[in-house]
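A short write-up of the structure that comes next.
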2 protein chains.
Amino acid sequence: MSSPRITLDRSSPVPLYFQVAEQLERAIVSGEIGAGERLENEITMAQDLGLSRPTMRQAIQVLVDKGMLVRRRGVGTQVVHGQVRRQVELTSLFDDLAAAGQHPRTTVLEQLLVPADEQVSEQLQVGLGEPVWSLRRLRFIAGGEPLAVMHNYLPSSIVDLGDVDLEAQGLYSYLRDAGFVIRVARQSIGARGVRPVEARLLREDVDAPLLTMQRTAYDNLGRAVEFGRHAYRPGLYSFDVTLVDR
Amino acid sequence: MSSPRITLDRSSPVPLYFQVAEQLERAIVSGEIGAGERLENEITMAQDLGLSRPTMRQAIQVLVDKGMLVRRRGVGTQVVHGQVRRQVELTSLFDDLAAAGQHPRTTVLEQLLVPADEQVSEQLQVGLGEPVWSLRRLRFIAGGEPLAVMHNYLPSSIVDLGDVDLEAQGLYSYLRDAGFVIRVARQSIGARGVRPVEARLLREDVDAPLLTMQRTAYDNLGRAVEFGRHAYRPGLYSFDVTLVDR
DNA sequence: GACGTCAAGATGTCCTGACAAATGCTTGAC
DNA sequence: GTCAAGCATTTGTCAGGACATCTTGACGTC
């Protein structure tokens with residue numbers, strides 16, 4: 001039975017349930033609340049913090065959705081065993097690496113308008129053959145080792161990539177600055193053998209396996225904003241996913 | 001502005017918010033509510049159904065978490081564009097395929113107790129060298145084509161696999177029957193070249209790429225119940241994931 | 001015509017209160 | 001001694017209300 005010290009700032013614009021969730025999460029990853037340990041019950045925690053029970057429940061729900069807590073009716077709420085793995089988030093690879101302390105370098109191979117092929121047309125909801133931005137980039141990790149070839153398509157009707165320097169910042173970072181709020185992304189992860197062009201770019205053997213990812217991202221208007229086909233060197237990258245049953 | 005007809009059964013044990021979510025989802029996948037279309041506002045929908053606003057919100061939230069709806073404050077709730085892809089769920093491959101109308105066949109290659117190696121010991125939270133169930137299976141799709149080699153480890157202290165026939169039913173299906181409630185799973189998806197043993201089992205060339213997945217599953221007590229290392233033939237399988245920003 | 005203000009409409013947050021359902025422990029009957 | 005009934009505990013569901021905040025469009029002013 002554990003009850004970490006939590007402080008609330010009611011004058012802050014940060015929602016109360018989020019303040020609680022943040023501090024609870026810190027207490028879990030720091031080990032202040034050990035794996036398998038049980039939390040104080042919702043009603044008591046709410047009273048201790050001067051919160052209502054729904055607000056307390058909302059805070060706990062955030063961490064349940066992250067796979068860090070499990071609830072059982074009639075029993076209580078417990079911390080899940082096992083080290084917490086960082087979740088795949090809705091950022092591009094660039095932001096991912098930068099956040100991890102790496103200093104990724106990017107080379108833009110192609111940045112121009114091309115007619116949409118069948119798959120692009122379907123994923124981005126634009127007419128077949130209509131112009132879409134085609135962005136091909138090669139990404140390196142610190143040390144100069146090539147990590148991935150990335151090929152993105154963006155509808156020219158809502159994005160203008162004409163003057164954007166995408167060697168200096170990640171695509172998702174640019175899209176955020178341009179006012180797009182990415183809310184949903186559908187990814188498909190697979191594998192295949194490397195192609196000759198990729199082998200040269202990634203400095204891999206001709207028979208090397210590659211990890212592939214296709215992604216379509218949608219903004220808060222429900223529009224498809226970006227579709228990408230990417231290939232990663234499997235020794236240097238993998239996708240971590242947490243599934244939660246609800 | 002769309003408002004599909006929804007019927008409620010207040011005598012049913014199924015929660016009201018879930019009844020609403022289910023019928024809304026059906027209306028979206030069936031196309032009754034088109035992509036990009038806006039929903040009636042929460043308050044009106046709640047009144048029409050004789051529900052409180054929190055219950056209506058909870059129903060909508062279910063579909064937001066599934067990536068089917070997006071909300072914008074001050075504006076409303078919209079259906080996301082793009083075909084809805086079936087989400088990866090917390091079931092084993094067997095259940096996945098069976099649900100998809102396939103008739104998977106399974107061969108058990110190994111089902112015995114082995115001492116836990118370092119990774120298994122760490123993932124399952126058991127002592128190094130302690131006995132754990134080792135389950136190696138080969139899975140075929142309809143037509144007899146091999147699809148994947150699967151290697152699972154289960155702690156012998158909480159599961160007994162001694163007399164279980166895992167050619168007839170999937171592992172997760174058995175675990176459910178045995179009273180385990182799997183709530184959280186952490187997966188890591190990668191790729192590598194095929195190994196000689198696998199190449200023979202999967203009828204692949206010696207240089208073929210494989211899609212790999214490692215998974216640790218936890219039950220509603222927070223215990224690690226299963227750890228697995230699996231390899232799939234990439235032409236026949238891929239992982240679909242939907243990411244939602246909250 | 002450009003800009004700022006205001007109001008309407010929608011979701012976001014937070015509160016109080018109540019009952020239902022599952023779990024685990026205790027108690028009592030046999 | 002064993003099993004079943006009952007009780008306390010805890011999360012799950014639902015209601016109804018209040019105010020905050022963001023977005024959009026209308027209106028008016030400069």
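Note on naming: letters A, B, ... go to the chains in the order of the sequence lines (proteins, then strands), and numbering restarts at 1 for each one. FYI, side chains are in, hydrogens and waters are out, and symmetry mates aren't considered; it's all heavy atoms of this structure.
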Distance check: side-chain N/O of B:T55 vs OP1/OP2 of D:dA15, anything under 4.0 Å?
-> yes

Looking at B:Y17, does any N or O in its side chain come under 4.0 Å of the phosphate oxygens OP1/OP2 on D:dT13?
->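 For B:Y17, the contact criterion (side-chain N or O under 4.0 Å from OP1 or OP2 of D:dT13) is met.
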
Residues forming a salt bridge (charged side-chain N to carboxylate O under 4.0 Å, His left out) with B:D160, sequence neighbours excluded |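 By the salt bridge (charged side-chain N to carboxylate O under 4.0 Å, His left out) rule, B:D160 matches no residue at all.
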
With B:R71, which residues qualify under salt bridge (charged side-chain N to carboxylate O under 4.0 Å, His left out), at least two apart?
->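 Counting only residues at least two positions away or on another chain, B:R71 forms a salt bridge (charged side-chain N to carboxylate O under 4.0 Å, His left out) with B:E42.
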
What does A:P54 touch in the nucleic acid at a heavy-atom separation under 4.0 angstrom: a base, only the sugar-phosphate, or nothing?
->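 Here A:P54 touches the bases of the nucleic acid.
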
Between [N] ([atom2]) and [X] ([atom1]): distance, integer Å:
X	N	atom1	atom2	answer
A:R10	D:dC19	CZ	C1'	13 Å
B:R183	D:dG12	CZ	C1'	12 Å
A:L221	C:dA10	CG	P	16 Å
B:Q78	D:dT23	CD	C1'	13 Å
B:F18	D:dT13	CZ	C1'	14 Å
B:Q47	C:dA10	CD	P	12 Å
B:Q61	C:dT11	CD	P	12 Å
A:L8	C:dC15	CG	C1'	15 Å

When you check the gap from the basic side-chain N to the acidic O, do B:K66 and B:E25 get nearer than 4.0 Å?
->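 Looking at B:K66 and B:E25, the cut-off is met.
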
Partners passing side-chain hydrogen bond (donor to acceptor under 3.5 Å, both in side chains) against B:S11 (at least two apart in sequence or in another chain) = B:D9

Kindly write out the residues that satisfy side-chain hydrogen bond (donor to acceptor under 3.5 Å, both in side chains) with A:E22, not counting sequence neighbours, or none if the list is empty.
-> none

What salt bridge (charged side-chain N to carboxylate O under 4.0 Å, His left out) pairs are there with at least one residue in residues 216-228 of chain B, not counting sequence neighbours?
-> B:D219-B:R223

Per-nt protein contacts along nucleotides 6-11 of chain D (heavy atom under 4.0 Å; B base, S backbone sugar-phosphate only, - none) come out as ---BBB

Is there side-chain contact between B:V159 and B:F180, with at least one heavy-atom pair below 4.5 Å?
-> yes

